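Just so it is clear, the structure is predicted and the values come from calculations on it, not from any experiment. So you know, we letter chains A, B, ... as the sequences are listed, proteins then strands, and number each from 1.
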Amino acid sequence: MGVMSAQKTISMEELVSLCKRRGFIYPASEIYGGLNGFWDYGPLGTELKNNIRDAWWHDMVRCPPMGPDGEPVSIVGLDSSIIQNPRVWEASGHVGGFNDPMVDCRESKSRYRADHLLCLGVNGDTQGQIYTFVENDDESLASARKKLEKYIKRKLEDEEVDVSPFTSLSADEIAITVGPDVKTVGTLTEPRQFNLMFKTFVGALQDEESAAYLRPETAQGIFLNFNNVVDTMRVKVPFGIAQVGKAFRNEVTPRNFIFRSREFEQMEIEWFCHESDSAKWFEFWCETRRKWWESMGLTSDNVQMRSHDSDELAHYAKEGCGTFDVEYRFPFTSPGYGELEGVAHRGNFDLTRHQEFSKKKLEYFDQQRNERYAPHVIEPSAGLSRGTLAILCEAFTPDEERASKVFMKFQPRVAPIKAAVFPLVNKDGMPEVASKLHQELRKRWPVQFDAKQSIGKRYARMDEAGCPWCFTIDSDSLNDQSVTIRDRDTLSQDRIGIDKVEGWLAERLV
RNA sequence: GCGGGUGUAGCUCAAUGGUAGAGCGUCAGCCUUCCAAGCUGAAUGUUGACGGUUCGAGUCCGUUCACCCGCUCCA
């Protein structure tokens with residue numbers, strides 16, 4: 001539940017219900033009780049998501065905007081594989097930093113790296129309580145020692161104190177252990193492996209030698225193919241490589257419908273440029289990407305740019321440059337905002353790392369500058385799944401006045417169904433004329449034909465599906481070859497000739 | 001991961017421990033000349049799953065799964 005803006009209030013429950021009822025999004029594996037963090041796109045959701053993806057591809061790859069100096073920008077596409085050599089993830093920093101066993105404290109809600117926790121006990125005593133502290137943290141050590149001394153009711157000499165690694169404790173011992181930030185015993189969990197990457201095996205033999213990962217981001221596939229693209233596509237820095245595809249993360253807490261799911265889709269551009277131009281391009285891409293989301297129908301009221309604080313910067317983020325997020329005010333974040341896209345300045349971190357790990361040169365020779373260098377990278381990384389959700393939220397328009405009580409106000413460009421053709425009544429030659437028009441229109445767009453039930457129900461159904469226009473054949477149509485255009489948003493009706501319908505639609509659908 | 005809540009037809013929801021229902025939607029037929037109209041009829045459920053208590057469980061208990069809310073987390 002949440003307030004979207006001053007104008008409208010929408011509840012996620014209603015949206016989720018409509019998404020299922022109208023075939024946008026279903027819970028994944030539903031007949032088996034579902035699976036936490038996974039969702040399936042139904043027929044309309046698939047069309048919607050594809051339309052957003054195609055719009056992005058068109059607007060970024062085929063017809064990108066002019067660059068900051070008035071020159072056209074150049075972007076080429078790519079579709080790299082989801083499973084890559086596991087060394088990729090060592091180079092990218094995804095393995096290692098996030099691969100450690102973690103210990104949670106049920107009491108203080110803190111989370112510790114198991115190998116950073118040490119235990120304090122009395123020498124030779126294997127019965128008493130064990131007190132943990134954080135490695136290299138004098139305060140934490142002092143606190144543990146104080147608690148231990150209080151427990152045994154006397155001061156300890158330094159040589160009486162026994163320090164051992166937390167990772168050597170048995171489950172029984174953990175049960176009599178006191179966490180660093182609490183006074184009660186047994187609040188720590190056993191060490192658990194947290195790895196946000198999905199592990200799998202390549203080949204039929206499932207040993208560690210064949211372990212691999214499903215990509216947690218599409219970006220790395222672009223860096224891996226940097227040389228290939230430079231060598232084969234006649235691109236010159238600055239240029240971009242774009243990719244749309246699935247990525248997988250074992251999120252700790254999947255939540256909020258498809259906002260944080262474990263399988264999701266990204267639309268990423270890696271923009272390669274000279275370091276000295278990177279600030280200019282960073283600004284350009286922040287602005288370009290914000291405008292693009294607004295062009296997709298997200299109102300500027302609900303979209304904002306936010307700079308990352310220094311403590312939340314990713315490991316790859318260039319120092320001093322940071323990351324800007326394009327954020328959308330989702331119902332479940334309102335009045336706050338949730339991330340839709342991150343525009344990051346990655347410096348030349350990735351190319352340099354892959355060069356180091358692969359021992360292959362990943363450099364570019366800039367003839368104009370007469371300089372060889374690893375280009376710096378600006379990365380506009382957008383969530384396609386999140387964008388789809390934002391557009392669903394934005395389109396959801398309650399309207400007590402109309403029969404459906406709600407309609408989906410999609411921009412025609414992303415609407416899953418572009419138009420519907422109805423005979424006003426299912427007789428007197430009307431179905432035949434309507435069907436003929438439908439047959440023609442569907443060659444160019446997703447257009448539906450419906451002759452069932454009353455005209456009001458058909459309009460209502462199309463309102464919930466977010467179909468912008470309905471063309472209705474009535475008895476007049478049979479005489480004067482005209483049809484009624486019913487507009488979803490205004491409910492207005494206009495007449496035009498049947499032979500004009502295709503052109504009329506073409507003017508409104510790019 | 002923690003705490004709280006909710007799971008019954010496609011959707012929204014009823015049902016004292018005692019025969020699983022309604023509205024809407026869907027489908028079929030009739031009807032219908034512009035906004036879920038009307039009439040007739042139909043389909044649809046291992047009551048999220050598994051186990052227990054009971055003569056008998058949608059209802060009580062346990063476990064588990066999923067979703068929602070709040071923390072936590074989020075390269």
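At whole-Å resolution of the value, CG in A/Asp40 and C1' in B/A66 are 14 Å apart. What separates CZ of A/Phe38 from C1' of B/C67 is a distance of 16 Å, to the nearest Å. Protein atom CZ of A/Arg461 is 9 Å distant from nucleotide atom C1' of B/A36, rounded to whole Å. For the pair A/Lys452 NZ and B/C34 C1', the interatomic distance rounds to 20 Å; values are reported in whole Å.
Counting only distance, with no hydrogens or angles, the side chain of A/Arg386 and the backbone of A/Phe264 share no donor-acceptor pair below 3.5 Å. Without hydrogens or angle criteria, A/Asp487 side chain to A/Thr490 main chain gives a donor-acceptor distance under 3.5 Å. In this structure, the side chain of A/Arg215 engages the main chain of A/Lys246 through a donor-acceptor pair within 3.5 Å.
A/Gln220 comes within 4.0 angstrom of no nucleic acid atom, judged by non-hydrogen atoms across all strands. Residue-level contact check: A/Arg402 touches neither bases nor backbone, having no heavy atom under 4.0 Å from any strand. Across all strands, A/Arg486 comes closer than 4.0 Å to base atoms (heavy-atom distances). Here A/Phe257 lies in heavy-atom contact (under 4.0 Å) with sugar-phosphate atoms only. Counting non-hydrogen atoms under 4.0 angstrom, A/Glu30 reaches nothing in the nucleic acid. Base contact: A/Asn426 has a heavy atom under 4.0 Å from a base atom. When heavy atoms are screened at a 4.0 angstrom cut-off, A/Thr472 is found touching base atoms of the nucleic acid. Residue contacts for A/Gly42: at a heavy-atom cut-off of 4.0 Å it reaches no nucleic acid atom on any strand shown. Using a 4.0 Å heavy-atom cutoff across all strands shown, A/Leu18 reaches no nucleic acid atom at all. No contact: A/Lys405 has no heavy atom under 4.0 Å from any strand.
Side-chain atoms of A/Gln493 and base atoms of B/C34 include a donor and an acceptor less than 3.5 Å apart. Residue side chain A/Tyr32 does not reach the base of B/C65 through any donor-acceptor N/O pair under 3.5 Å, judged by distance alone.
Aromatic ring centres of A/Tyr41 and A/Tyr26 lie farther apart than the 6.0 Å criterion allows.
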Considering only nitrogen or oxygen atoms on both sides, find all protein atoms under 3.5 Å from nucleotides 38-43 of chain B and state each distance.
none

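B/G17 is unpaired under the criterion used here, namely a Watson-Crick or G-U wobble arrangement in which both key atom distances are under 3.5 Å. In a base pair of the Watson-Crick type (N1 to N3 plus N6-O4 or O6-N4) or a G-U wobble (N1-O2 and O6-N3), with each distance short of 3.5 Å, B/C27 is matched with B/G41.
Geometrically, A/Arg458 engages A/Phe422 in a cation-pi contact defined by less than 6.0 Å to the ring centre and at most 45° from the axis.
No side-chain donor-acceptor contact under 3.5 Å links A/Arg290 and A/Gln304.
Using a 4.0 Å cut-off between charged nitrogen and carboxylate oxygen, A/Lys500 and A/Glu507 do not count as a salt-bridge pair. Contact check on A/Arg353 versus A/Asp350 returns no salt bridge, with no Lys/Arg side-chain nitrogen under 4.0 Å from an Asp/Glu carboxylate oxygen.
When the side-chain nitrogen and oxygen atoms of A/Lys20 are compared with OP1 and OP2 of B/G10, none of them lie within a distance under 4.0 Å.
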